[in-house]
*Asks:* 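Dropping a structure here in structure tokens format, bear with me for questions.
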Amino acid sequence: MSIPQGKTRQQQKGDDLCAAIMRALSGEADIHYRGQRLYQGLRQLQVHAPHLQTDPAHDDFSSFRGTADSIALRLLHTDPVLHRQLCPADPVERLVFELLEQLRVETMAPDTMPGMTQNLRHRFAAWSHAFHQSGLTESSSGILLYTVFQICWSRLIGQPVLERTEGLIESTRAAIAPILGKDLLGIRRNCRDQSAFRLLLQFDSDETDTMTVAATGQSKVLEDAEHGYAIFSTQYDRQADAGSLVRKALLREYRERIDQRIVELGINIPRLARALMKLLALPQRDGWSFGEEEGYLDGRRLTQLITSPAERRLFRLEQYKPDADCLISFLVDCSGSMKTHAESITILIDVLVRALEQAGVGSEVLGFTTGAWNGGRAQRDWMRTGSPANPGRLNELFHMVFKNAQQTWRRARPDITALLKADLYREGIDGEAVEWACKRLQLRNEKRRILVVISDGCPMDSATNLANDEFYLANHLKQVVARQELRGEVEICGLGVGLDLSTYYSRSLATDLPHSLNNGLLLEIAQLIGARRR
């Protein structure tokens, strides 16, 4: 048998095997290959997703298996009529749309078939490497499309982007993350809803975002108040070091749990530190570099022109080093609804603090809650005085310090995990907490001071809202943020947990924690933190 004939026979066997796999998985009995083209009955099946375009001369059998598995999942989980209705006409948009739909169905590989999942990931990785090696990523449009594909794949399967090209796409990903971030939120949750999955490309003008936007409205009580925001009593307000609220033995258990989870997630802290350094550091003068071949003429070396006429190292250059004169404060909403996100938030904070320290940037971690549910002692005092109208804030503030700015991560690492203590989470009075955190930052000497507020909802204290009106606390938060931004001493940004906080913060990022807790999300948060004030 000749070599070409042998290759043809081998290709036919591979096609037959792949067709059998697709028939078994999809339940479609008339799937077959003819002339190396895939048919269902008499109709040729078109495969448009770019990563499913295989090459017999270069791709291994695992790639063909991955393609067969992916096509079978497409037959099972895609409504072709709906797909044609949703598919855009623009070639580039269609390319992205086809890839997204294929990745969507690939997420539905059964848990009982780990081999299928392995084949699918192998195929995508092989195609990605071939795409890069072909030189397509050298063009601006090529690297942009490649980065979008990698981000989508990473977000959908819950794994880091491919390590081999991670450095290549880092700057592009950081640049487009603020643009795509909102549209990618919830993309994994909607994998089983073909219509709702249409998230990345907004083909219709009336398409709505999947992430809920924080509710807002007018507070007539606050608007009509002669002296603005009111506080009925500060008698019961307190502040504490969070580590003192938890038994040491329990803190050790918490710490072991968080360390294990960080290892399991495979988070690359050094890479995050480098990204933060690039975003936060500015070049500062650091003396001179002598013996250079260009630059400023060094008068001390002029004699060398006589003694060594061929000598060219007669110049000096100014030296610069990156200096991140910056302090980042994380303010965590410890209201009751955040309790379900406690582990994800703790991991997120711990990793960011470590990375910031490696980048030479200071940090502190604060939290805010209330001392009681439904007002507590302050509300009871108000009732004893006859329940006067519009009393203002009617609960006990409880502010916590999990890590102060002077502490290193190593010394604060047990206390940070106090975020896991469930009974700390009650209600949230955000405006006063933001004001408190800003005052702490204003006492610092760093040139740049940034506050990151992490929350999953609007300000909420039932006693205060019932005695005033629904948006009393929300409107106060808006006032505080606007006032602080006007002063310009502290930059404020919001990190939403399952919520778009743009209602309150002009710089914000909505996240899909805990599903999206990976290296990609951490880089998006770094971009949020490091973005310069407009």
Side-chain angles (χ1 to χ4, degrees), residues 103 107 147-163 165-167 169-191 199-200 209-212 258 261-276 278-280 328 330 332-333 338 340-356 358-359 363 365 419 450 452-456 493-502 505 507-531:
L103 294 181
T107 65
T147 304
V148 170
F149 293 161
Q150 296 299 313
I151 291 174
C152 294
W153 179 78
S154 173
R155 182 63 61 90
L156 282 166
I157 69 167
Q159 295 289 325
V161 296
L162 297 177
E163 186 176 359
T165 56
E166 191 174 19
I169 69 172
E170 185 169 334
S171 59
T172 306
R173 177 165 61 174
I176 66 176
I179 302 170
L180 298 184
K182 186 185 296 185
D183 295 317
L184 287 171
L185 291 169
I187 196 170
R188 196 176 181 188
R189 284 201 306 267
N190 290 289
C191 283
L199 301 174
L200 181 62
D209 294 330
T210 59
M211 186 62 66
T212 304
I258 292 301
R261 287 289 292 122
I262 292 173
V263 171
E264 292 170 357
L265 289 168
I267 293 173
N268 191 332
I269 296 176
R271 184 167 65 87
L272 178 60
R274 291 193 297 272
L276 287 164
K278 289 179 183 178
L279 290 164
L280 297 171
I328 313 293
F330 297 99
V332 183
D333 171 12
M338 283 284 281
T340 59
H341 307 294
E343 182 176 275
S344 299
I345 297 299
T346 306
I347 294 170
L348 184 71
I349 292 289
D350 190 74
V351 168
L352 286 168
V353 168
R354 289 171 65 181
L356 285 166
Q358 290 182 22
S363 66
V365 182
L419 281 163
I450 303 171
V452 182
V453 184
I454 304 174
S455 176
D456 73 336
C493 49
L495 186 63
V497 181
L499 185 74
D500 181 352
L501 295 178
S502 58
Y505 307 100
R507 274 168 55 187
S508 65
L509 174 69
T511 68
D512 188 26
L513 289 174
H515 306 292
S516 59
L517 185 52
N518 53 33
N519 288 311
L521 175 62
L522 287 164
L523 287 173
E524 291 179 35
I525 295 172
Q527 185 71 26
L528 170 73
I529 294 172

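Predicted model only: the values in this text are computed from it and were never measured.
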*Asks:* Do Arg271 and Leu523 have side-chain heavy atoms sitting under 4.5 Å apart?
*Replies:*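 Result yes, sub-4.5 Å side-chain heavy-atom pair found.
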*Asks:* Test side chain to side chain contact (heavy atoms under 4.5 Å, CB included) on Leu276 and Ile328 and set out the steps.
*Replies:* CA-CA 11 Å; Leu276 287 164; Ile328 313 293; over 6 Å; no
*Asks:* Measuring from Thr346:OG1 to Ile258:CD1, what's the distance to the nearest 0.5 Å?
*Replies:*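 Those atoms lie 5.0 Å apart.
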*Asks:* Heavy atoms, side chains only, cut-off 4.5 Å: are Leu280 and Ile450 in contact?
*Replies:* yes
*Asks:* Hey, does Ile525 have a side-chain heavy atom less than 4.5 Å from the side chain of Leu348?
*Replies:*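 Leu348 reaches Ile525 side chain to side chain.
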*Asks:* Quick check: closest heavy atoms across Leu517 and Ser344, and the distance to 0.1 Å?
*Replies:* CD2-O, 3.9 Å
*Asks:* Do Ser455 and Leu501 pass the side chain to side chain contact (heavy atoms under 4.5 Å, CB included) test, and can you show the C-alpha distance, the side-chain angles, and the key distance before you say yes or no?
*Replies:* CA-CA 8 Å; Ser455 176; Leu501 295 178; 4.2 Å; yes
*Asks:* Kindly give the heavy-atom pair with the smallest separation between Ala359 and Ala273, and that separation in Å.
*Replies:* CB-O, 3.5 Å
*Asks:* Is a side-chain donor or acceptor of Arg507 paired with a backbone partner of Ile529 at a separation under 3.5 angstrom?
*Replies:* yes
*Asks:* Could you measure the distance from the OG1 atom of Thr340 to the CD1 atom of Ile345? Nearest 0.5 Å is fine.
*Replies:* 9.5 Å
*Asks:* State, yes or no, whether a side-chain contact exists between Asn518 and Ser154 at a heavy-atom distance under 4.5 Å.
*Replies:* yes
*Asks:* Do Phe330 and Val353 touch side chain to side chain, with heavy atoms closer than 4.5 Å?
*Replies:*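 Side chain of Phe330 against side chain of Val353, heavy atoms only: contact under 4.5 Å found.
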*Asks:* Decide yes or no for Ile262 and Arg354: does some side-chain heavy atom of the first lie under 4.5 Å from some side-chain heavy atom of the second?
*Replies:* yes
*Asks:* Taking all non-hydrogen atoms of both residues, which atom of Met338 and which atom of Asp333 are closest, and how far apart?
*Replies:*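 Looking at all heavy atoms of both residues, the shortest contact is CG-O, 3.1 Å.
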*Asks:* With a 4.5 Å cut-off on side-chain heavy atoms, are Leu513 and Asp456 touching?
*Replies:*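 Sidechains of Leu513 and Asp456: no contact.
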*Asks:* With side chains defined as the heavy atoms from C-beta onward, is the minimum distance between Ile267 and Ile347 less than 4.5 Å?
*Replies:* yes
*Asks:* Give a yes or no on this: more than 12 heavy atoms of other residues, nucleotides or ligands lie within 6.0 Å of atom CD of Glu163.
*Replies:* no
*Asks:* So, the side chain of Asn519 versus the backbone of Leu522: is there a donor-acceptor pair under 3.5 Å, distance only?
*Replies:*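 No, Asn519 side chain to Leu522 backbone: no donor-acceptor pair under 3.5 Å.
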*Asks:* Applying side chain to side chain contact (heavy atoms under 4.5 Å, CB included), run through Ile454 and Ile349 and close with a yes or a no.
*Replies:* CA-CA 10 Å; Ile454 304 174; Ile349 292 289; 3.5 Å; yes
*Asks:* Going from CG on Leu352 to OG on Ser363, what distance comes out if it is rounded to the nearest 0.5 angstrom?
*Replies:* 9.0 Å
*Asks:* How close do Asp500 and Ser508 get, counting heavy atoms only, and between which atoms?
*Replies:*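 Taking Asp500 first and Ser508 second, the nearest heavy atoms are OD1-OG, 4.1 Å.
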*Asks:* Where the side chain of Thr511 meets the backbone of Gly496, is there a donor-acceptor pair that is under 3.5 Å apart?
*Replies:* yes
